[in-house]
Amino acid sequence: MTDAKPCKKPWKATVLTLYEDMFPGPLGQSLAGQGLKDGIWSLETVDIRGFASDKHRSVDDTPFGGGPGMVMRADVVDAAIGSQMAENKGFPLIYLSPRGRPLTQKRVRELVSGPGLILLSGRFEGVDERVLEARNVEEVSLGDFVLSGGEIAAMALIDACVRLLPGVMGSKDSGAEESFEKGLLEYPHYTRPREWQGHEVPEVLLSGDHGKIKAWRRAEAERITKQRRPDLMAGSVREED
Ligand code: SAH
């Protein structure tokens, strides 16, 4: 008899990039890095340039219609994507892009519950539209600002996902209480020393009364959310829900 557990495949992130050397970068450190070493998730990078077909190995060209900058070629990007499809069947294919739907914790939870991701990191002015259409690529944005490339955005998305994988975060509960999980920003935290530069820790947190503490934290989360992100309040979840 063997006591081998059913071998679950690690959650897998595949990143198509012109800058493979940037990886794992910060993803090799701390929680994500430990999870990577422990085989809870895996990372594969694919060099888009390896799919260039001309003798100069060019991956970009000038935009039709004129204008500044360069555009990543549809044929090269398509070949890079194609090389990953068989091995990662059914994985969401995401292009990190400022035109995408802004990333939310809800989407992160959905993505981490799947087998993994294939991520396309853009450079220059972005990618020829035709390959995005032909491959039915989902576009995801980190926010309303422009980065110089998709690699940091891909790392941010992967980091948000892998910290939720079972076994990556220290305490099982630490995900559930956080900002956005209940449609609210998180309540404030305090630790020792009890008094710092004349500032005391809120009395209720020292009371040992868990009911009161919970109510105080909920009220603080609501106060902070109303003040900073009133747009989130509409979707917030009551504790009883
Ligand atoms: N010309 C584009 C910006 C290109 S920036 C535009 O105006 O929409 C170069 C690359 O950086 C993009 O292809 C994308 O992969 C990445 N990028 C830039 N800003 C981003 C953001 N807010 N979220 C995700 N990826 C982003």
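Numbering of ligands and ligand atoms starts at 1, following listing order. Everything numeric in this text was worked out from a predicted model, so none of it was measured.
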Original post:
How does Tyr95 reach ligand 1, if at all, at less than 4.0 Å between non-hydrogen atoms: by side chain, backbone, both, or neither?
Top reply: side chain
**OP:** Pick one of side chain, backbone, both or neither for how Ser97 approaches ligand 1, counting any non-hydrogen atom pair under 4.0 Å.
**Re:** backbone
**OP:** Please report the shortest heavy-atom distance between Phe180 and Leu185, naming the atom on each side.
**Re:** CE2-CD2, 3.8 Å
Do ligand 1 and [X] have nitrogen or oxygen atoms that lie under 3.5 Å from each other?
X: Ser121; value: no
X: Glu125; value: yes
X: Leu147; value: yes
X: Phe145; value: yes
X: Leu142; value: yes
X: Gly122; value: yes

Subject >> From Val162, Leu119, Ile152, Val15, residue fulfilling side-chain contact (heavy atoms from CB on, under 4.5 Å) relative to Leu157 >> reply: Leu119
Original post:
Under a 4.0 Å N-O cut-off, is there an ion pair linking Asp128 with Arg130?
Top reply: yes
**OP:** Indicate whether atom 1 (N) of ligand 1 is within a distance of less than 4.0 angstrom of some protein heavy atom.
**Re:** yes
